[in-house]
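Naming: A, B, ... by sequence-line order, numbering from 1 per chain.
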Amino acid sequence: MPELPEVETIKNELLPCVGATVIHVDLIDSKVVSGINVEKFCRMVEGQMVKNIERRGKYLIFLLSNSYSLAIHFRMTGSLLLGSGNIDRYSRARFRLSSGEYLTLRDPRRFGTMKLVKVIGELTGKLGPEPLDESFTPEVLERSLSRHRIPIKAALLDQNIIAGIGNMYADESLFAAHIHPLRKADLLSHEEVQSLCSSIKEILQQAISNKGASVDTYIRPGGQIGMAQFKFNVAHRYGKACRVCGTSIQRIMVRSRGTYFCPECQPSQPSIQRSLM
DNA sequence: CTTGGGACCTGGCTGC
DNA sequence: TGCAGCCAGGTCCCAA
C-alpha cells in the first residue's frame, strides 16, 4: 500500500514530467474523480503545464500552471505508471503529456481518488507534521501523543497526528522502538517517545532508499518493484522468527487493523529498569 | 471534544 | 472443479 515512502518514490521518479503539458485526459473510470464535475475536471487539467510535483502525507500533488493543484491519493492499490499508455481492466485514468508519454493511474480496488483544488491546504490542512521534517522532534511528538488515550499503533495511523504513516511502517517503527502496539499513546515514557521519533525517521528514510515496499500492487512509475519489504522485521511476517531474538512474530487486531509485532522485543509493559530511568 | 466501528471496493484466499 | 463467503486496508462518516 502506498504510504509515505512509496508516494515519495513515485514523486521522485515522476520529476522528469515537470515542465510537460497535459495534452489530454482520459477518464476511464469517472469515479476516481471526486468533488468536481468530470467534464470540468478534464477541462481544467487539459492544456496546463506541470509546474512541480510534491508530496504531503500520502498525497501526491501536481502543481498546475493555472495555479490549481491535482492531488492523487492511492489508498491501498493505486499506482501511477509513466510510459506508452497501455491500459488494462484496472486502468482508471490516463494523461497524455506533451513529452509523448502517458501517465496512467491504475487501481484494482477503486479506492484511490483524484481531486482538483485551488488551495492545497483544503486537503492537507488538517494533516499532522511530516515525520521527515526537521521540525518533527520528540517534543512535538510527545506533546501530540499526550493528548490521545488510544493505542500507540492507532495514534501512528492517525494522519492528524503524523502524516504519511500506514499499517506497515507503523508496525516497523514500533518494533524498532521496542514498543508494544497496544501501549497507550499518552503513557509512553519520555525515552520511549524519543526512541519512537528517531525510529520513525530511520524506518521511513530506509524505505525511501529502497524505493518503497512492493507488497500488494505497489509498483514504481517505470514498472519496477520496490525493495523495502525485504527489510521488514515484523510487517507481514506472522509466525516467522524475529530477526533479533528468534521469537515467533505475532499478529493481533488493533482497531480492526492487522498488527504484527514481536512479543519478546516489544513487551506489553515497560520494563522496571526503563521506567526507573 | 474523543474514541470506535462500519462502509467503501474487489482480488485472492479459504473451505465446503 | 466451482463457488460462496470473507478478508485486507486508508479514510470518511456516524454513533456513543
N/O contacts under 3.5 Å, protein versus nucleotides 4-6 of chain B?
{"unit_1": "B:dG4", "atom_1": "OP2", "unit_2": "A:Arg255", "atom_2": "NE", "d": "2.5"}
{"unit_1": "B:dG4", "atom_1": "OP2", "unit_2": "A:Arg255", "atom_2": "NH2", "d": "2.4"}

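The stretch residues 103-116 of chain A touches DNA chain B through A:Pro108, A:Arg109, A:Arg110, A:Phe111, each having a heavy atom under 4.0 angstrom from the strand.
Between the A:Thr77 side chain and the A:Arg109 main chain, a donor and an acceptor come within less than 3.5 Å of each other. Side-chain atoms of A:Asp158 come within 3.5 Å of backbone N or O of A:Asn160 as a donor-acceptor pair. Distance alone, capped at 3.5 Å, is enough to place a donor-acceptor pair between the A:Glu3 side chain and the A:Asn167 backbone. The main-chain N or O of A:Val234 is found under 3.5 Å from a side-chain atom of A:Glu172 such that the two form a donor-acceptor pair. Using modelled atom types, one side-chain atom of A:Thr124 and one backbone atom of A:Ile120 make a donor-acceptor pair closer than 3.5 Å. A distance-only check finds a donor-acceptor pair linking the side chain of A:His180 to the backbone of A:Leu182 [under 3.5 Å]. Side-chain atoms of A:Arg55 never come within 3.5 Å of backbone atoms of A:Tyr59 as a donor-acceptor pair (strictly under, hydrogens ignored).
Applying the 4.0 Å criterion to OP1 and OP2 of B:dG11, one finds that A:Tyr90 has a side-chain N or O inside that range. The phosphate of B:dT3 has OP1 or OP2 within less than 4.0 Å of a side-chain N or O from A:His148.
Counting to the nearest Å, the P atom of B:dC9 and the CG atom of A:Asp29 are 10 Å from each other. Summarising the geometry, the separation between CG on A:Leu157 and P on B:dT3 is reported as 14 Å, rounded to the nearest angstrom. Here the C1' atom of nucleotide B:dC8 and the CZ atom of A:Arg92 are 14 Å apart, to the nearest Å. Distance A:Arg75 CZ to B:dT10 P: 14 Å, rounded to the nearest Å. Distance CZ (A:Arg89) to C1' (B:dG11): 8 Å, rounded to an integer number of Å. Between A:Asp158 atom CG and B:dT2 atom C1' the separation is 11 Å, expressed in whole Å.
Of the candidate nucleotides B:dC9, B:dT3, B:dG11, B:dC9 has the atom nearest to the side chain of A:Lys31.
Not a single salt bridge (charged side-chain N to carboxylate O under 4.0 Å, His left out) links A:Asp133 to another residue, sequence neighbours left out.
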Show me the donor-acceptor pairs within less than 3.5 Å that the side chains of residues 256-265 of chain A make with the rest of the protein, sequence neighbours left out.
{"unit_1": "A:Thr259", "atom_1": "OG1", "unit_2": "A:Lys153", "atom_2": "NZ", "d": "2.7"}
{"unit_1": "A:Thr259", "atom_1": "OG1", "unit_2": "A:Arg257", "atom_2": "O", "d": "3.0"}
{"unit_1": "A:Tyr260", "atom_1": "OH", "unit_2": "A:Arg251", "atom_2": "NE", "d": "3.3"}

*asked:* Before you tell me yes or no, could you show the steps for A:Asp88 and A:Arg106 under side-chain contact (heavy atoms from CB on, under 4.5 Å), namely the whole-Å CA-CA distance, both residues' side-chain angles and the distance that decides it to 0.1 Å?
replied: CA-CA 8 Å; A:Asp88 63 16; A:Arg106 198 171 171 277; 2.8 Å; yes

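Of all nucleotides in DNA chain C having an atom under 4.0 Å from a heavy atom of chain A, the first and last in 5' to 3' order are C:dA8 to C:dT11.
Using a 4.0 Å heavy-atom distance criterion, A:Met168 is classed as making no nucleic acid contact. The residue A:Met76 sits close to a base: some heavy atom pair falls under 4.0 Å.
Ion pair A:Glu6/A:Lys211 not flagged as a salt bridge, since none of the NZ, NE, NH1 or NH2 atoms sits closer than 4.0 Å to an Asp/Glu carboxylate oxygen. Comment: A:Arg147 does not engage A:Asp186 in a salt bridge, judged by the lack of any side-chain N to carboxylate O separation of less than 4.0 angstrom.
Counting non-hydrogen atoms of neighbouring residues, nucleotides and ligands closer than 6.0 angstrom, the NZ atom of A:Lys201 exceeds 12 such neighbours.
For the residue pair A:Ile208 and A:Thr9, the shortest heavy atom distance occurs at O-OG1, 4.2 Å.
Two end axes, each from the C1' atoms of five base pairs, can be drawn for the helix from B:dT2-C:dA16 to B:dC16-C:dG2; they diverge by 50°, to 10 degrees.
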